[in-house]
Amino acid sequence: MHFAAPLPLKSGAVLPAFDLVYETYGTLNAARSNAVLVCHALNASHHVAGIHADAPKSVGWWDNMVGPGKPLDTNRFFVIGVNNPGSCFGSTGPKSINPATGKPWGADFPVVTVEDWVEAQARLADVLGIETFAAVMGGSLGGMQAMQWSLSYPQRIRHALVIASTPKLSAQNIAFNDVARQAIITDPDFHGGHYYEHGVVPRRGLRVARMIGHITYLSDDDMAEKFGRALRGGNYGFDFEVDFEIESYLRYQGDKFSDYFDANTYLRITKALDYFDPAAAFGGDLTQALASTQADFLVVSFTTDWRFSPVRSHEIVRALLNNKRAVTYAEINAPHGHDAFLLDDARYHALVRTYFERIAQEVGV
Amino acid sequence: MSALRFDLQQIADWIPPGAHVLDLGCGDGSLLAYVRQHKQCSGYGVEIDDANVLTCVRNGVDVIQQNLDAGLALFADQSFDVVVLSQTLQAMHNTETVLREIARVGRQGIVSFPNFGYWRHVVSIIRGSMPVSRQIPYQWYDTPNIHLCTLKDFEKLTGKIGLKILARAAYDDGEEISVLPNLRSTLALYRFSVA
């Protein structure tokens, strides 16, 4: 969908016009009360669920959660997945043509924030005729968008589902992000972000960035269980090729990622993560920051998530409790670290399913 | 909605209309659902068990999944009108801390627990065995109840902490006991405030 009106960004820059690609699942009811927005995290897209007829292998990134009969049941809810501006799956981003130059934006594409994404998503909701979302839902960076919706448009969202998220990144989180960015920026193929013109991709940097990111998504126990110290070839090679299975796995993940993900997008999305901090405008007081929210919240964390640990969710919950907001908090005992929010876990899915049944009752579907 | 268990009914009767309530170890959330519907109360339950958390969500009760022994750090000072701890005190590791936390977070507390001083329990011990009864239906080696007490014991602790008992109700099998409750009741309920 094309949006001709300029989008002013938090940085002060303005996106002159932009496209958003989105997918919908299920049917918007006559009362327009059953719409649910699903927000993606770092490397995902608008393709939330199901498969495309022309790409049967490309299953949506949250297909275990969203679909007919799934926890977020598309037989009852009208679900929207949208690719955020600055990303690289079809919405306007660094790979898109800059109308001012006729060339790809590249390094000139502005740094976008969670607040900016919510603005763009709100414009899509306007066009789709959705005044109020039954829920806005997301994990990790997606959870930040759900939180931001409750702040930017308190009256347009009945429920916020904030999963494996945080009210702000810690110094350690930012540190990991910056190592990833440095890997990309210092790749000789980066060309200051204008690598498209050179016909190259900073693949090595992107690969390392993904490897670092991936380590933070898994728990120590999970890695030990999956890989331990297992050797690829049975013996040490006494060189710097792959010895351990974990090396092989991370390199594979890095390679795969560098095939489809855009380095400029990676830089921008990690910055959006770093900059998210709704309490900052209130002297760091999250309780005050969330005072304007009206939504009911479901906050979920996973015990072995050390990227955004349960303690980070506690901060959100505490601020909501202080404001006497309706909030349910679940701490899921799961071994898979941050990645757990994407995985099929019976307790987690039963919880989300039951919560959506409650929403369904409320909005009459 | 089905009728509340008699002890929860007594607790509900003690909760003033419109109160902001924190129910620690809220189980399936039936007390909160009841006071919300019948007394226009608001509030939250705290529960550790996954199945109970799910039932709370199903019952429309806002629940926070937390281990009570880890404290009530999520809750601000004096942020609730009433804090309830129903038949859970005896299973807490840090009994005194939990009571102090209740007094910190709530203007009033309501606590219930099985009375270990019940005469049949005493008889059982005289006969040489730890009591197993309907109120404490566990063998000594597999019981979650690690801090059993009598009415008197509890009152001593509240005195030490500086809590003021506002009301007491003691029951045996749903029947209120006013004469010799320390011996004759199986369940005790207390309502208190910070003295």
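Here is how names work: the chains are called A, B, and so on, in the same order as the sequence lines, proteins then strands, and each is numbered from 1. Just the heavy atoms: all of them, side chains too, but no hydrogens, waters or symmetry mates, feed the values below. Nothing here was measured: the structure is a model prediction, and the numbers come from that model.
A salt bridge does not link B/Asp49 to A/Arg347: none of the charged side-chain nitrogens sits closer than 4.0 Å to a carboxylate oxygen.
The NZ atom of A/Lys324 sits 8.5 Å away from atom OH of B/Tyr44, with the distance rounded to the nearest 0.5 Å.
By the neighbour-count criterion of 12 heavy atoms within 6.0 Å, atom NZ of B/Lys156 is sparsely surrounded, having that number or fewer from other residues, nucleotides or ligands. Counting non-hydrogen atoms of neighbouring residues, nucleotides and ligands closer than 6.0 angstrom, the CD atom of A/Glu225 reaches no more than 12 such neighbours. By the 6.0 Å contact criterion, CD on B/Glu175 is open, its count of non-hydrogen atoms from other residues, nucleotides or ligands being 12 or less.
Taking A/Gln361, A/Arg318, A/Glu362 one by one and counting their heavy-atom pairs under 4.5 Å with chain B, the maximum is reached by A/Arg318. The candidate with the highest count of non-hydrogen atom pairs below 4.5 Å against chain A, out of B/Ala73, B/Gly45, B/Ala51, B/Cys56, is B/Ala73. For the set A/Glu357, A/Arg358, A/His314, A/Arg353, the entry with the most heavy-atom pairs within less than 4.5 Å of chain B is A/Arg358.
Residue contact with chain A, scored on non-hydrogen atoms closer than 4.5 Å, involves the side chain of B/Gln66 exclusively. For B/Ser42, no part lies under 4.5 angstrom from a heavy atom of chain A. When heavy atoms are compared at a cutoff of 4.5 Å, A/Ile316 does not approach chain B at all.
In plain terms, the two heavy atoms of A/Glu331 and B/Gln65 that are nearest each other are N-OE1, 2.8 Å. Counting all heavy atoms, side chain and backbone alike, B/Asp62 lies closest to A/Val327 at CB-O, 3.3 Å. Between B/Leu74 and A/Leu321 the shortest heavy-atom distance is O-CD1, 3.7 Å.
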Using the rule given for side chain to side chain contact (heavy atoms under 4.5 Å, CB included), can you reason through B/Ile64 versus A/Thr328, listing the C-alpha separation, both sets of side-chain angles and the distance that settles it, and then say yes or no? CA-CA 6 Å; B/Ile64 309 297; A/Thr328 282; over 6 Å; no

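Within the 3.5 Å criterion, the main-chain N or O of B/Arg58 finds no donor-acceptor partner in the side chain of A/Thr354.
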